[in-house]
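This report refers to the structure that appears directly beneath it.
Chain identifiers are assigned alphabetically (A, B, ...) following the order of the sequence lines, protein sequences preceding nucleic acid strands; residue numbering begins at 1 within each chain.
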2 protein chains.
Amino acid sequence: MATEKEGPSHRKVTSVDVAKLAGVSRSAVSRTFTADASVSKQTREKVLRAAQELGYRVNKLASSLISNRSDLVGIIASNMDNPFRAQQVESLSRVLLSRGLKPILLLVEGAEDPSQIIGMLLEYNVSGVIVTSDTPPQSICQECITLGVPMVLVNKAESATDVDRVLLDNHKSGVLAAITLYESGAREMAFVTTEHPSYSLNVRIASFIKQCEKLGLTPVTQLTGKLQNYQGGMSACGQYLTKHRTVDGVFCVSDYMALGFLDGLRLNGPVEVPAQMKVISCDDIPQASWPIYELTTIRQDTHKLAVVVVDVLQERIKQPNNPAAVKILDVELVHRNSTATV
Amino acid sequence: MATEKEGPSHRKVTSVDVAKLAGVSRSAVSRTFTADASVSKQTREKVLRAAQELGYRVNKLASSLISNRSDLVGIIASNMDNPFRAQQVESLSRVLLSRGLKPILLLVEGAEDPSQIIGMLLEYNVSGVIVTSDTPPQSICQECITLGVPMVLVNKAESATDVDRVLLDNHKSGVLAAITLYESGAREMAFVTTEHPSYSLNVRIASFIKQCEKLGLTPVTQLTGKLQNYQGGMSACGQYLTKHRTVDGVFCVSDYMALGFLDGLRLNGPVEVPAQMKVISCDDIPQASWPIYELTTIRQDTHKLAVVVVDVLQERIKQPNNPAAVKILDVELVHRNSTATV
DNA sequence: CTGTTAGCGCTTTCAC
DNA sequence: GTGAAAGCGCTAACAG
């Protein structure tokens, strides 16, 4: 029922309709809408005109059935409350769309059942998967790899199997943080991290500590928040206030934590920044530049990151059997008031 | 090339393979994986076992080709820097996934070319579209409607054509804001909005003003930021500080703006909150509860919202010809320090 | 309840 | 460069 006179404008204009109107074959229509076609300009124009008139659109579902290219890309993400994460998802979505790929957004939380996620990806024959989640169920990655689904890990450790990865220069971040704090006058260092830090956070910290040692600034105090968020930063600040008041330079693994740390200083101290305490962190989320924070940070440009991630993914799609690529993106120090010399 | 011995585990297990192994027909396999099937328990088990063994998964692309149900849902969003927006997208994504629908995330910015977006939605035969963007290109909505694509607008004005909408109780928000400010002792009212407010923001303000009039609190001062964000709130604060110092109660159309307003008071005043000034706004983003802000706000629960939105969408998918539904969701006052009586 | 028979709309050899 | 034919993997009628 309801095929003849249901809606104002009929759906379901097929390539046959266009072919008929244009006076060509379905193949010609198909070719017109295929990137690397081989159609005469004449036919192409006839087809386009007819398509326009009928409001024809290629049915990607049907085409991907045979071409095996769905152009759907799964984004596996989590913790969108962290502005950096939200920005990252936004950037990825934009870049994918600009390349003709369509992002399917899959939010996963730690303990969630990953088999559902995998199922979905496979059912839709996704062209690729991008994993930005801190704690991506290993099983997802593993299965994607064994099934030959192109995948890119963002800022994650290498896994058992070789797989494409794009990393921010976490090592440089740690080094830069130590140097910047030192140059701003801090001499007793601490860092703020979480109980279950991800790979990238650990690298930042290891490099930070090592650089502190090189600078002769030991020991380096560890302040730990439960989660990698505002509350975590604030509770780490509590540890500083109660047990480590001699510290005068702090490296937070992320801006999100740093905001909590700074507010802890302000509310529970007050400890003046940068007069009594220098603070630096990583990401450069919008809040870092807010005048209330003026947080010195090591920028990780989410747009640039997204561009590289999608580049790598598309390369992998084109060349499924190439060896795994690892790209390291540069980061950039953004000087603000929290490490100003007074 | 590369079909025989390419990967470790072969892809492309089809229903035929499963049928063969299970000793049944392809239809039996299909029925086993269809929700409202009609299969004997025996066959079902045989099929499931065979499927398990082969690692079979339904190819949704193929199935949607004939069933016309892709289970893909477009989310049209923007301004993910606003934490409320990010949270909204996250909630929608989660709820969709929990119902077996897959969110395609489409970020659009005001002036972007909408025809591309429409094209995408149509090419993938999306089961529905959810529009949360403040400024959704009208053309997208219009075309979806004429093409009969189920669509739900979130917190948007009614358009020319009838279409499902889910609204937060913006009227109540405005009224509640006025009353709360009044009860906290404020007597000279202002509101903070943007140069191009969306429909929902306008309703909030209209109701706020009307309620202020009822309370005998006129005139009501308008403070305007350029954009609906932190910076906008802060620049609105500038107007208060320079031209309207007698105001003692402010209603911000969103928490995001309120944060900027509060920081403006703190940095450029300082004006004490709540002693000299009461502030209230809408959303209840995580930041509102941060101890540095303690912002009284009118909560709009994004999860509840998402549930209702998806309910409406699924109902529309089931009953395409029902009259358009309009649901209004309740909002809830969250009292915090910014309207405390001193 | 089950199998058989037709396609869904498209791309892609393959001759011409 | 173009058309005819052959499916991609699946579901939905239809008999049995």
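Look at CG on B:N68: it is 12 Å from C1' on D:dT11, rounded to the nearest Å. A straight line from NZ of A:K60 to C1' of D:dG9 spans 18 Å, rounded to a whole angstrom. The distance from atom CG of B:D36 to atom P of C:dC1 is 12 Å, rounded to the nearest whole Å. As a whole-Å value, the separation of B:D71 CG from D:dT11 P is 12 Å. For A:K20 and D:dA4, the NZ to P distance is 13 Å, given to the nearest whole Å. Rounding to whole angstrom units, CG of residue A:L61 and P of D:dT11 are separated by 13 Å. Atom pair A:K46:NZ and D:dG1:C1' shows a separation of 12 Å (rounding to whole Å applied). What separates CG of B:D17 from P of D:dC8 is a distance of 11 Å, to the nearest Å.
Annotation: ring-ring contact (aromatic ring centres under 6.0 Å, His included) contacts of A:F33 (sequence neighbours excluded): A:Y56. A search for salt bridge (Lys or Arg N to Asp or Glu O under 4.0 Å) contacts involving B:R316 returns B:D164, not counting sequence neighbours.
Using a 4.0 Å cut-off between a side-chain N of Lys or Arg and a carboxylate O of Asp or Glu, A:E45 and A:K41 do not qualify as a salt bridge. Ionic pairing of A:D71 and A:R99 is not present here: no N-O contact between side-chain nitrogen and carboxylate oxygen is shorter than 4.0 angstrom.
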(Q) Using side chain to side chain contact (heavy atoms under 4.5 Å, CB included), reason through B:K46 and B:R49 one step at a time and then give a plain yes or no. (A) CA-CA 5 Å; B:K46 272 195 295 185; B:R49 205 159 33 233; 4.0 Å; yes
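The shortest non-hydrogen separation linking B:T34 to B:S30 is OG1-O, 2.7 Å.
Residue contacts shown for A:Y56 are limited to sugar-phosphate atoms, with no base heavy atom under 4.0 Å away.
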Q: Do nucleotides 2-8 of chain C as a string where each nucleotide becomes B, S or -: B if the base has a protein heavy atom under 4.0 Å, S if just the sugar-phosphate does, - if no protein is that close.
A: BBB--BB
